[in-house]
Undergrad: 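Have a look at this one before I ask anything.
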Amino acid sequence: MKEYDHKKLEKKWQSIWEKKKIYQAQNSFKKPKYYSLIEFPYPSGDGLHVGHPRPYIGMDVISRKRRMEGFNVLYPIGWDAFGLPTENYAIKTGKDPRVVTKENTDTFRGQIKSLGISFDWSREINTTDPKYYKWTQWIFLQFLKKGLAYKAKMTINWCPKCKIGLANEEVVNNSCERCGTTVEKRKKEQWMLAITKYADRLDKDLDDVDYLPQIKLGQRNWIGRSEGAEIEFKITVKQKNNFGAFALGGKGQGTHDAQNHSFVSQSVKVFTTRPDTIFGVTFIALAPEIAKKLTGKDFGIKSDVDRENKQKIGVDTGLEAKNPANGEMIPVFAVNYVSAEYGTGAIMGVPAHDERDFEFAKKYNLPIKEVIEPVFVDTEGIDAVQKDKPMVEREAILAIVKHWSEDKYLGLKWKKVNWGTFISGGVEKGQTSEQAARAEIEEETGYFNLKLIKTLGRYHSKFFHTPKNENRFGHFNTFYFELENGKQNEISKEEKEKHEILWLSPKEIEKFLTTESLRYRWNILQGYKKIYTGRGILVNSGKFSGMDSEKAKKEIIKFVGGKEKTTFKLRDWIFSRQRYWGEPIPVIYCENCRVGSLASDKRKQGFRLENAGWIPVPEKDLPVELPKVKNYQPTDSGESPLANIPKWVNVKCPQCKGKAKRETDTMPNWAGSSWYYLRYTDDKNKKEFASQKNLRYWLGVDPVRERSPQGDRSTASGRAFSNEVDPVRERSPQGDRSTASGRAFSNGVDWYNGGNEHTTLHLLYSRFWHKFLFDLKLVPTNEPYMKRTSHGLILAEGGEKMSKSKGNVINPNDIVKIYGADTLRLYEMFMGPFDQAIAWSEEAIIGPRRFLEKVWRIGMSKCLFDKKSPMSKRHFDITRLLHKTIKKVSEDIEEMRFNTAISALMILATEMEKAEKLTPESYKLFLQILAPFAPHIAEELWQNLAPQGLAFGFLKARPSSSSIHSSAWPKWDENLIKDEEIKIIIQINGKVRTEIVIQADDKEEDVKKQALANEVVLRHTEGKEIKKTIYVKDRLINIVLSN
RNA sequence: GCCCGAGUGGCGGAACUGGUAUACGCGCACGACUUAAAAUCGUGUCUCGUAAGGGAUGUGGGUUCGAUUCCCACCUCGGGCACCA
């Protein structure tokens, strides 16, 4: 028997595949397309470790399956090669980053190629290639033209030791990642991209894409949409204050420049999401910067809160604000817990209904005014409000009654309904609530020597009253009584039938209570300090009292003359880096030609950048190439090292031909990766970043519906064997998407898999660019990616992250050498759920290897079955199992459940080996579903089948040209999957006792009869009454006995 | 503090929308083949019990004929955010 020589075989097929170009996406556009994408790697100096290929293999399995399903698949790869590690390496060694990048990509390419991933290497791109970044710069110019790129003074992180501006990701624990020095904040002119202009769409359009829920959530949290209102509060200087009189900013004193105009009107705007609580405002809190603008005074507070010390502090500004809702005058504080960057930098303090305001008010003894009474709505269980039943409002009471000598409380356990409550009831006409409570207690429990200790406020509850068969909207006043003694009257029969009276300890109470509203009241009694921040009914709110808080929001905004406003957490994107190894920002500064200006001072003293306006580099001059430099260290002033090259910096102004200087900032690492998937569709294009024709095809706007002509497929005859697959029909119905949302058609890359670390920033940035290009009609879809999934990290054996510095990196090449690429691929897919982090295990890898050896042995020895021999039962079982496996593998791949797919393949292989005879036909189907996981061995064995294949007609005359990877994906036969005999589990009182075998078409009655006649069942049921039996088709029978 | 995810054999992990908990793989033990070893194949492998049967899916409750799965409270680990009004 020929040995399984993975080295020889893998090399052989890799070179044949490459020669035949079977993984190259076809530009003929005749077949339906499939675009699968992985995040292109950053070619670090560490080389590839075994974690990198996990997503590549996962998407490779999917891509290979799609090819076999008849799609024209684009599965590309490239290099995201700009960035800090390479630059830092260059600083350290003086090596040209271009050279370093070349070396690294060569290493990576070699490593990846040895894994047999079906990437289309003919479209390889590199973000550091001027032919590529020409278009990155070009897109930036479009942003500039549309006014979405602008300059602003921004605070950046500055390392005083390295004299360098740091990216956020270089700041670890407020210190420089490299030298550990505490970073400072510095103001610096920065290029910005106005991503906030797209915040609304970036949030809403998530409805239209198929991302994993947690990814959508991550995006939504990052964007941080919040709907509220801006409300203006008039301000005056308090008559008596501790700071002496001062005028408001801009008025009279002339010390404040007129640009701080928004506060000249002597009012302050607050942003709030709870305008409904405005009657509960007891102070105004300002961000320190806003307070300073308003008064001209520095209150010695920073809003940049120290993370260690989260104490809220504030200083009275000496101002007074007028609540527009009720005219009350309230103090104005400068506080550290309000940020000037969010909303308006000013908030209305409502301590009764906001945790932070509450904390602040407690500390500074400010009044707390309750304006919302909680409303609880039961939405689950038997108390759930039933929409079709009437809602009856009742004035009611709730009473908590304590035992006269023990720490126990009265509870009512309802007999007909599953309720555990305190004493509650309605208030009759002419009764006060307290009277009603006393009467109710006596009536229901007989106790009457009550002492009212305190009232616990009022709450409201909507629930379904099962005994009365109606919805209730109860308004409960809550009382706490203690009994003086245990004297008790007789309780009426009716009451006795309704419920049981229990004395419960505090611990028991918590389990006993059945609704949230009751628990809430109990917690109040326990001195629960949390305030109520939920929805409710307004009180102490003038004419709005009694109104639902949600409803009141809009009306109150109107009433106080506020404005509805949606705010986002998302900030504009700081797009400048004072670095060398990035795309130069294509802008020139000229004193004369002011397209965009950043100068406020118009004096001219020679050429000074800060006096100059900027003009975009003309498109014909792109790319602005990175010049070679000697030193990669940023300048002392924190500018990019590019600033040290006068030859490059000094240019002629493209407009006036006068003296001009280049922008020396470069783009962040995110730039090139924001649009790379577009370039793959047309990577050689010199005139456009990609042609409309290619974009339309690959982003699926012009779907091809006809199937390819026969000649296109090398194993066209394979179809005669397995059922026809119609890829177009299998896809999600495209029409639905566009009509459902009413928004622009959402389509794009079919499936994008990447790391969890990129599900917020990278994904958001590239969605932003894409939408921008869509608005310019440069891309045909509104969203770049239709579907997004994530993979988990592979950790080192100890569970730590793999890194060169820790010395725990496992190089896939070593594994490939020992076990082969197929084994590595199989193991990485088998080791655990694809989306979960998992530790590498050198021990376990032998399992997949043994499996492949088994597959090999079967292929070498068993495929000599004579088609004329009668089918044995065993063979029939194999066929059934085979079809079940085809189904499972097909479905599991779609859900990325690769581990269970492989487990099914293993089970099938074991059975196949055990079988005495096996048709080449069965084996062929097995190889086909194995092929996406282990492409080399599958191909080799497939080719080995050629003689049988010819005889059986599933291979064409020239077998060497018919790769298994171009064959048609097998389809399972539903009829062959159905079992004739089914095992039924018999449970007695929910415990498994035995099992019986029934015929697939047996009726429920027959099955029950069989079950009851069973020996084991008889033993258990003897002398007992059968209460009921539960039959779950094809699964089990549960016989319930009475005791 | 908040949000998200996860806790199942010696280990990695299975279990579809509530229906035989521990598939598959690793490891381990025994057996076959072998002069022997490796490889391979076979059998066994949650736990207590001779058995009948009982007990186990982080802990404690609940709902249900039936719960790894649903609900409530809590504990541990991993990831993200950090006063977002």
Side-chain angles (χ1 to χ4, degrees), chain A residues 213-215 217-218 221-222 224-226 228 270-274 277 285 287 303 305 307 310-312 335-339 341-350 354-357 359-360 380-382 418 510-514 516 519 567-570 756-757 759-760 792-793 795 799 826-827 830-833 835-848 850-851 853-854 857 888 891 895 897 899-907 910 913-914 983-995 1016 1019 1027-1041:
Chain A
Q214 62 273 32
I215 297 177
L217 194 75
N221 287 344
W222 191 264
R225 174 195 209 88
S226 95
V270 303
F271 175 72
T272 179
T273 55
R274 295 298 301 272
T277 63
S303 80
V305 185
R307 289 187 186 188
K310 281 204 247 178
Q311 279 274 320
K312 292 186 173 47
V335 304
N336 68 341
Y337 75 95
V338 171
S339 149
E341 309 237 306
Y342 185 77
T344 58
I347 62 158
M348 53 185 223
V350 187
D354 183 281
E355 306 271 4
R356 295 151 301 181
D357 297 343
E359 201 185 311
F360 185 77
E380 274 173 25
I382 49 162
N418 182 31
E510 277 166 36
K511 291 172 193 166
F512 174 75
L513 297 175
T514 46
E516 195 199 345
R519 256 179 241 127
T567 313
F568 298 92
K569 271 196 250 182
L570 188 67
N756 284 312
E757 68 275 24
T759 49
T760 43
L793 287 177
L795 308 167
L826 220 40
Y827 175 59
F830 180 66
M831 60 197 299
D835 59 352
Q836 236 170 70
I838 194 159
W840 183 260
S841 161
E842 192 77 49
E843 255 187 354
I845 198 167
I846 193 71
R850 283 181 192 150
F851 163 66
E853 281 167 4
K854 181 180 289 183
R857 278 199 307 274
K888 178 153 181 63
E891 290 172 352
E895 302 296 321
R897 291 190 300 249
N899 51 338
T900 50
I902 292 169
S903 137
L905 288 168
M906 286 172 166
I907 293 168
T910 304
E913 192 176 40
K914 274 192 224 161
K983 202 169 71 178
I984 296 283
I985 298 305
I986 301 183
Q987 296 185 337
I988 288 164
N989 288 340
K991 285 209 154 82
V992 180
R993 292 302 174 191
T994 186
E995 61 190 45
V1016 180
R1019 203 171 68 220
K1027 223 158 116 190
K1028 62 174 164 179
T1029 55
I1030 286 141
Y1031 176 62
V1032 181
K1033 195 170 183 308
D1034 296 349
R1035 287 205 180 265
L1036 58 77
I1037 274 196
N1038 188 9
I1039 299 163
V1040 186
L1041 305 173

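The figures that follow rest on heavy atoms only: side chains count, while hydrogens, waters and symmetry mates do not. A note on names: the letters A, B, ... follow the listed sequences, proteins ahead of strands, and every chain is numbered from 1.
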Undergrad: Taking the side chain of A/Lys312 as its heavy atoms from C-beta onward, which of B/A85, B/C83, B/A52 lies nearest to it?
TA: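 In terms of side-chain proximity for A/Lys312, the closest of B/A85, B/C83, B/A52 is B/C83.
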Undergrad: Find the distance A/Asn221:CG to B/A82:C1' and express it as a whole number of Å.
TA: 12 Å
Undergrad: Rounded to whole angstroms, how far apart are CD on A/Glu757 and C1' on B/G78?
TA: 15 Å
Undergrad: For B/G55, does OP1 or OP2 lie under 4.0 Å from any side-chain N or O of A/Lys991?
TA: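 Result: yes.
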Undergrad: Determine: side-chain N/O of A/Arg993 to OP1/OP2 of B/G66, distance under 4.0 Å, yes or no.
TA: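 No, outside the criterion.
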Undergrad: Compare all side-chain heavy atoms of A/Gln214 with those of A/Thr759 and state whether any distance is below 4.5 angstrom.
TA: no
Undergrad: The side chain of A/Asn336 lies closest to which of these nucleotides: B/A85, B/C83, B/A23?
TA: B/C83
Undergrad: Can you tell me how far P of B/G25 sits from CD1 of A/Ile907, to the nearest Å?
TA: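 Interatomic distance, CD1 of A/Ile907 to P of B/G25: 7 Å.
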Undergrad: Specify the separation, in whole Å, of atom CG of A/Asn989 and atom P of B/G53.
TA: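 Going from A/Asn989 (CG) to B/G53 (P), I get 14 Å.
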Undergrad: For RNA chain B, whose closest nucleotide is more 5', that of A/Met348 or that of A/Val1016?
TA: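 Taking each residue's closest nucleotide, the earlier one in sequence belongs to A/Val1016.
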Undergrad: Summarise how protein sits on nucleotides 7-20 of chain B as a single string, 5' to 3': B when a protein heavy atom is under 4.0 Å from the base, S for sugar-phosphate-only contact, - for no contact.
TA: -----BSS-B--BB
Undergrad: What is the nucleic acid contact for A/Ser226, judged by heavy atoms within less than 4.0 Å: base, sugar-phosphate only, or nothing?
TA: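 If one applies the 4.0 Å heavy-atom cut-off, A/Ser226 turns out to touch the sugar-phosphate alone, with no base involved.
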Undergrad: Let me know, please, whether A/Ile902 or A/Val1040 comes out on the 5' side of the other along RNA chain B by nearest nucleotide.
TA: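 Nearest-nucleotide comparison on RNA chain B picks A/Ile902.
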Undergrad: Counting distance alone, no hydrogens or angles: does the base of B/C65 have a donor or acceptor under 3.5 Å from a partner atom on the side chain of A/Lys1027?
TA: no
Undergrad: Using whole Å, report how far CD of A/Glu853 lies from P of B/A38.
TA: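 Checked: the CD to P distance equals 16 Å.
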Undergrad: Could you check whether A/Trp222 and A/Phe568 have their ring centres less than 6.0 Å apart?
TA: no
Undergrad: Got A/Asp357 and A/Tyr337 here, is their nearest side-chain heavy-atom distance under 4.5 Å?
TA: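 Side-chain contact under 4.5 Å: yes.
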Undergrad: Separation of A/Glu359 atom CD from B/C83 atom C1', in whole Å?
TA: 9 Å
Undergrad: It should be established whether A/Arg850 places a side-chain nitrogen or oxygen under 4.0 Å from OP1 or OP2 of nucleotide B/C26.
TA: yes
Undergrad: Round to a whole Å and report the spacing from CG of A/Leu905 to P of B/C24.
TA: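 Rounded to whole Å, this separation is 14 Å.
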Undergrad: Could you tell me how far apart A/Lys914 (NZ) and B/U43 (C1') are, to the nearest whole angstrom?
TA: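 About 11 Å, once rounded to whole Å.
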Undergrad: So what does A/Ile846 touch, heavy atoms closer than 4.0 Å: a base, only the sugar-phosphate, or nothing?
TA: sugar-phosphate
Undergrad: Indicate, with a heavy-atom threshold strictly under 4.0 Å, whether A/Arg225 touches base, sugar-phosphate, or nothing.
TA: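 A/Arg225: no heavy atom of the nucleic acid under 4.0 Å.
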